[in-house]
**Q** 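One structure, pasted below without further comment.
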Amino acid sequence: MPIPLTQTPFPLIDADPHATRVVRYMRPSDYAVMAGATGAAPAALYFYEMADPTRYKLRPVLKLATFIGFAGGFLLAYQRSSFRFWGWSENEREQAKDLAELSQRAKEGKPLYGETDIPDYVQGVAHRNSAFSQLKFGAIPWFNFVNHSQHGTDPAKYGVGASQDKA
């Protein structure tokens with residue numbers, strides 16, 4: 001088993017999870033955060049308008065504020081889900097779900113993290129570009145959409161050898 005580079009309070013599930021896994025593993029609390037941000041942005045704008053009226057139509061601006069709140073809420077929920085993958089917050093539920101999902105893929109003889117036709121070097125580049133990118137959402141939203149085998153975990157815990165995990 002590889003030696004972890006950092007110690008986290010909870011076990012590492014995946015150092016660079018695919019975007020679909022992050023969304024699938026979101027908890028109801030993540031959706032609540034997203035809904036709260038979606039509602040908070042237009043509410044704040046509305047209350048600012050009440051405090052200092054501009055006398056302009058507020059409807060188009062409120063629609064834009066709602067979209068911006070939704071986008072920010074999604075990024076915040078995505079980041080919270082990623083923290084659980086990295087072991088930075090409590091992740092017992094995600095550990096069980098990950099073990100069941102990837103063990104099933106291993107039993108079926110499928111690659112653990114999905115199939116890809118991308119060369120190993122490009123997979124490495126994709127991993128280096130997207131690893132911990134959730135911490136930089138303020139600069140640019142960047143997600144991992146590439147199936148690669150560089151996830152910082154030992155594939156043997158799912159019942160496969162490291163040589164079978166290349167995909």
**Q** Would you mind checking if Glu92 and Lys97 are paired as a salt bridge, meaning a charged N to carboxylate O distance below 4.0 Å?
**A** no
**Q** Side chains of Asp98 and Tyr25: closer than 4.5 Å at any heavy-atom pair?
**A** yes
**Q** Determine whether Val23 and Phe70 fall in the same hydrophobic cluster, where Ile, Leu, Val, Met, Phe, Trp and Tyr are linked whenever their side-chain heavy atoms lie under 4.5 Å apart.
**A** yes
**Q** Name the one of Phe85, Phe143, Phe83, Tyr31 that satisfies ring-ring contact (aromatic ring centres under 6.0 Å, His included) with Tyr78?
**A** Phe143
**Q** Looking only at heavy atoms, which two atoms of Met34 and Gly73 are closest? And how far apart?
**A** CG-C, 3.6 Å
**Q** Could you walk me through whether Leu76 and Phe137 satisfy the side-chain contact (heavy atoms from CB on, under 4.5 Å) test, starting with their C-alpha distance in whole Å, then the side-chain angles of each, then the deciding distance to 0.1 Å, before giving a yes or no?
**A** CA-CA 9 Å; Leu76 186 58; Phe137 277 162; over 6 Å; no
**Q** Check for me, please, whether Val22 and Leu75 land in the same ILVMFWY cluster - side-chain distances under 4.5 Å, paths through other members count.
**A** yes
**Q** When you check the side-chain N and O atoms of Ser29 and Arg80, is any donor under 3.5 Å from an acceptor?
**A** yes
**Q** Evaluate the side-chain hydrogen bond (donor to acceptor under 3.5 Å, both in side chains) criterion for residues Asn144 and His18: first the C-alpha distance (whole Å), next the side-chain angles of each, then the deciding distance (0.1 Å), finally the verdict.
**A** CA-CA 5 Å; Asn144 175 22; His18 195 278; 5.5 Å; no
**Q** Is there a donor-acceptor pair under 3.5 Å between the side chain of Asn147 and the backbone N or O of Thr116?
**A** no
**Q** Answer yes if Leu135 and Ile140 sit in the same cluster of Ile, Leu, Val, Met, Phe, Trp and Tyr residues linked by side chain heavy atoms under 4.5 Å apart, and no otherwise.
**A** no
**Q** Show the nearest heavy-atom pair for residues Gly69 and Ala41, with the distance to one decimal.
**A** CA-CB, 3.7 Å
**Q** Is it the case that Thr54 and Glu49 place a side-chain donor and acceptor less than 3.5 Å from each other?
**A** yes
**Q** Quick one: pull up CD in Gln150 and CD in Gln123 and give me the separation to the nearest 0.5 Å.
**A** 7.0 Å
**Q** Rounded to the nearest 0.5 Å, how far does CD of Gln7 lie from CG of Leu12?
**A** 11.0 Å
**Q** Verify side-chain contact (heavy atoms from CB on, under 4.5 Å) between Phe67 and Thr38, making sure each step is shown before the conclusion.
**A** CA-CA 7 Å; Phe67 173 74; Thr38 301; over 6 Å; no
**Q** How long is the gap from NZ on Lys57 to CG on Leu62, to the nearest 0.5 Å?
**A** 13.5 Å
**Q** Determine whether more than 12 heavy atoms belonging to other residues, nucleotides or ligands lie under 6.0 Å from atom CZ of Arg128.
**A** yes
**Q** Do side-chain atoms of Arg84 reach the backbone of Asn91 as a donor and acceptor pair under 3.5 angstrom?
**A** no
**Q** Are Met26 and Phe74 close enough that some pair of their side-chain heavy atoms sits under 4.5 Å apart?
**A** yes
**Q** Is the closest basic N to carboxylate O distance between Glu94 and Arg24 below 4.0 Å?
**A** no
**Q** Please tell me if the side chains of Ser81 and Arg27 come closer than 4.5 Å, counting only heavy atoms from C-beta onward.
**A** no
**Q** Hey, what's the ring geometry for Trp86 with Phe132, parallel, tilted or perpendicular (30° and 60° as the breaks)?
**A** tilted
**Q** Flag the pair Lys136 / Trp142 as yes when at least one side-chain heavy-atom distance between them is below 4.5 Å, and no otherwise.
**A** no
**Q** Do Ser130 and Asp16 get their side chains close enough for a donor-acceptor pair, meaning under 3.5 Å?
**A** yes
**Q** Quick check: do Tyr46 and Val61 have side-chain heavy atoms less than 4.5 Å from each other?
**A** no
**Q** Which pair of non-hydrogen atoms, one from Pro9 and one from Gly87, has the smallest distance, and what is that distance?
**A** CD-O, 3.4 Å
**Q** State, yes or no, whether a side-chain contact exists between His148 and Ile118 at a heavy-atom distance under 4.5 Å.
**A** no
